[in-house]
Colleague: 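Just dropping this structure here.
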Amino acid sequence: MALLTILTLAAPLYAGDPLKMYPFKRLQPPSPEMWFGSDNLGRDVFARTIFGARISLMVGLLSAASAAVIGLLIGVVAGYSRSFDNVVMRVMDGLMSIPTILLAIALISLTGPGIGILIVAIAIPETPAVARLVRSVVLGVRGRPYVEAALCGGARLPKVLWRHILPSTIPALMVQAATVCASAILTEAGLSFLGVGVPPEIPSWGNMIASSRLYLAIAPMTIFAPGACLAVTVLAVNLLGDGLRDMFDPRAKRRR
Amino acid sequence: MAIYILRRMISTIAVMAMVGIFVFLLLRLAPGDPATIIAGTKGTPEMIAAIREQLGLDQPLPVQFVRWALSVLGGDFGVSMFFGRPVLELISQRLEATISLSILTMAVSVTIGVSFGILAAWRAGGLVDRILTAFATLGFSVPVFVVGFFLIYFFAIRTRWLPVQGYEPIEHGIGPWLVHLILPTVTLGIPYIAFIARVARASLLEVLLEDYMRTALAKGASSYSMLFHHALKNAGVPILTVIGISFAYLIGGVVITETVFNIPGVGRLVVDAINNRDYPIIQGVLILTSGLYVLINLAVDLSYTLVDPRIRY
């Protein structure tokens, strides 16, 4: 039990490592020894895996960040304004009922593959969950005495939202953002694997796996290397999320 | 109860209307004028205008939407631009593979997921719990297609125990059908099992802390009876909810799993449709899956009363 607590609590420490490692390696030329062998066009899998990390992490982080910011704005306003709430939350319900990958596929099919549209297409399906969470926190906080006191004290509503309501949503938002980031990385890989994500000339983990699938029997490393990196990265982000939750929620910590 | 069902129906219709508007706009925003595409390279401007009128594309957008929505409600999802056949026909041809895979995966995952959850909660903090929790986190993090290729490599290419890819319709016999579905089901099921196990464990642990559990223990109930008679019943609602919600995960996974294992299902249909820019197919699949998702969650909501008699609408 103690081990588990330490592992999850220390998660921010060791989970940060795989994220930090890549920008450093990125500047090195592909290694001549070809650590992970080479793919069907004779390219160094090790180098491509490292380069793939840039794309996967960039798309994952950017779409998680945009989903978090848009979701936060929508959630805060929806938590405060009844009429806005009714309209926007119905839209969110509608978006939520379309499976993430299908929604992203539909959006990408409008413009064709590209990194910009990919980030948008991953962020949109993730936004409703964030908005919903933020809204529920705001609904819980808005009746608290300190908020009412601030309003009675003559503070204007936008200021109250910014100074008193927004900070209380941050812990939940950060935990959610980690989850969203993990699933964004998975979605990016999935879409690239299906051939609708990152354009095929750019090495990304999903692309690498897609282009090597015919060679599974001959060169399994071309699939397992990027696959393992993908799994380890998502695992690290998930553990980071668990660690954050334990940090912010003392109740959950005590129970373990 | 009746009023509640009615209210839920109305909100279901509202959600479906949102999906409808979104999907409709998707088709309208899509690059390429359908009339020009249908007229082909030899189309004159007059022909294009005639086709536009025939398709109702010259009407204002809201009118077009209502017409379109009515035809969708009547089961007409339009005609595939690539195959030239009705979308509904194309989808139903491929439904068997997708439904086989989904139902098998759901059944296996719910059974294993809930059992894992019970096992982990039973000895919370023990070795079994820690192994299962680690598995759940891992299962949640490894992408479906990586698991798929891993399994193919070891169980099909290396050992030749199972077929590498493909699908056998059930009419060719249960045996071949099942053999072809084992690897896809395991692949698709792993994240699903992890998710269900996590929620089942958490909600069981919550229930185990309740006062009535202590009462049950005090009056000498065995741990078996405590888990299955007292705890599981009360933990049922969150578990049911999560099964409903994760249906959306399942669909996303189906698309990828069908690609990995080369299964001719609805997921493959969509992926091919993107490459062909076949918007009516994308549209039809979006509407059908989200409709199914909404209906399943409605069913889940209504089934709460069966699991927990305290819930009355």
Side-chain angles (χ1 to χ4, degrees), chain A residues 1-4 7-8 90-113 125 182-183 185-187 189-191 193-196 205-206 209-210 212-213 216-217 220 223-224 226-228 230-239 242 255-256, chain B residues 11 14-23 26 29-31 124-126 129-130 133 137-138 140-147 149-150 152-153 157-158 164 205 209 247-256 259-260 270-271 273-275 277-279 282-283 285-286 289-291 293-294 297:
Chain A
M1 211 184 323
L3 182 73
L4 193 71
L7 271 181
T8 27
R90 289 297 81 74
V91 177
M92 294 290 137
D93 283 348
L95 282 181
M96 265 183 133
S97 69
I98 307 178
T100 309
I101 289 222
L102 286 183
L103 183 53
I105 285 178
L107 289 169
I108 290 171
S109 72
L110 286 180
T111 60
S183 94
I185 294 175
L186 281 181
T187 312
L191 289 170
F193 170 70
L194 292 175
V196 294
W205 292 333
I209 294 172
S212 307
R213 41 192 286 229
L216 176 64
I223 286 182
F224 294 158
L230 197 51
V232 168
T233 309
V234 177
L235 185 64
V237 178
N238 272 334
L239 287 178
D242 284 355
R255 212 170 38 219
R256 268 171 205 251
Chain B
S11 77
V15 168
M16 281 318 289
M18 285 317 307
V19 174
I21 291 175
F22 172 80
V23 171
L26 180 76
L29 291 175
D129 180 28
R130 264 183 283 169
T133 309
T137 316
L138 198 67
F140 219 59
S141 306
V142 184
V144 172
F145 50 94
V146 174
V147 176
F149 284 124
F150 191 78
I152 290 181
Y153 186 71
I157 294 180
R158 269 301 179 75
V164 176
L205 280 183
L209 290 177
F247 175 73
Y249 276 106
L250 188 72
I251 292 295
V254 163
V255 177
I256 293 178
T259 308
V260 171
V270 180
V271 175
I274 312 168
N275 298 328
R277 305 223 146 193
D278 202 341
Y279 298 104
I282 301 179
Q283 213 182 21
V285 174
L286 274 183
T289 49
S290 23
Y293 174 79
V294 172
N297 280 294

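In this text the structure is predicted, and so the values were computed from the model without any measurement. Residue numbers start from 1 in every chain, and the chains themselves are labelled A, B, ... in the order their sequence lines are given, proteins ahead of strands.
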Colleague: What part of B:I256 is in contact with chain A, defined as an atom under 4.5 angstrom from a non-hydrogen atom: side chain, backbone, both or neither?
Modeller: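 For B:I256, heavy atoms of backbone and side chain both lie under 4.5 Å from chain A.
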Colleague: Take B:V260 and A:F193 through the side chain to side chain contact (heavy atoms under 4.5 Å, CB included) test and state the conclusion after the steps.
Modeller: CA-CA 9 Å; B:V260 171; A:F193 170 70; 3.5 Å; yes
Colleague: Under a 4.5 Å cutoff for heavy-atom pairs, which residue among B:V271, B:V142, B:T259 has the most contacts with chain A?
Modeller: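 The answer is B:T259.
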Colleague: Checking heavy atoms, do the side chain of A:A182, its backbone, both or neither come under 4.5 Å from chain B?
Modeller: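 For A:A182, there is no contact with chain B at all, as no heavy atom is under 4.5 Å.
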Colleague: Of the backbone (N, CA, C, O) and the side chain (C-beta and beyond), which part of B:V294 lies under 4.5 Å from a heavy atom of chain A, both, or neither?
Modeller: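 Just its side chain gets close to chain A.
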Colleague: Hey, could you give me the CG/CD1 distance between A:L107 and B:I282, rounded to the nearest 0.5 Å?
Modeller: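 Those atoms lie 10.5 Å apart.
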Colleague: Please give me the minimum heavy-atom distance between B:T289 and B:I251, naming the atom from each residue.
Modeller: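 Answer, listing the atom of B:T289 first, then B:I251: CG2-CG2, 4.0 Å.
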Colleague: What are the two closest non-hydrogen atoms of B:V144 and B:G253, and how far apart are they?
Modeller: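 Scanning both residues completely, I find the closest heavy atoms to be CG1-O, 4.4 Å.
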Colleague: Checking B:V270 against chain A: side chain, backbone, both or neither under 4.5 Å from a heavy atom?
Modeller: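 Answer is side chain: those atoms of B:V270 sit under 4.5 Å from chain A.
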Colleague: With only heavy atoms counted, which part of A:I185 is less than 4.5 Å from chain B, the side chain, the backbone, both or neither?
Modeller: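 Neither part.
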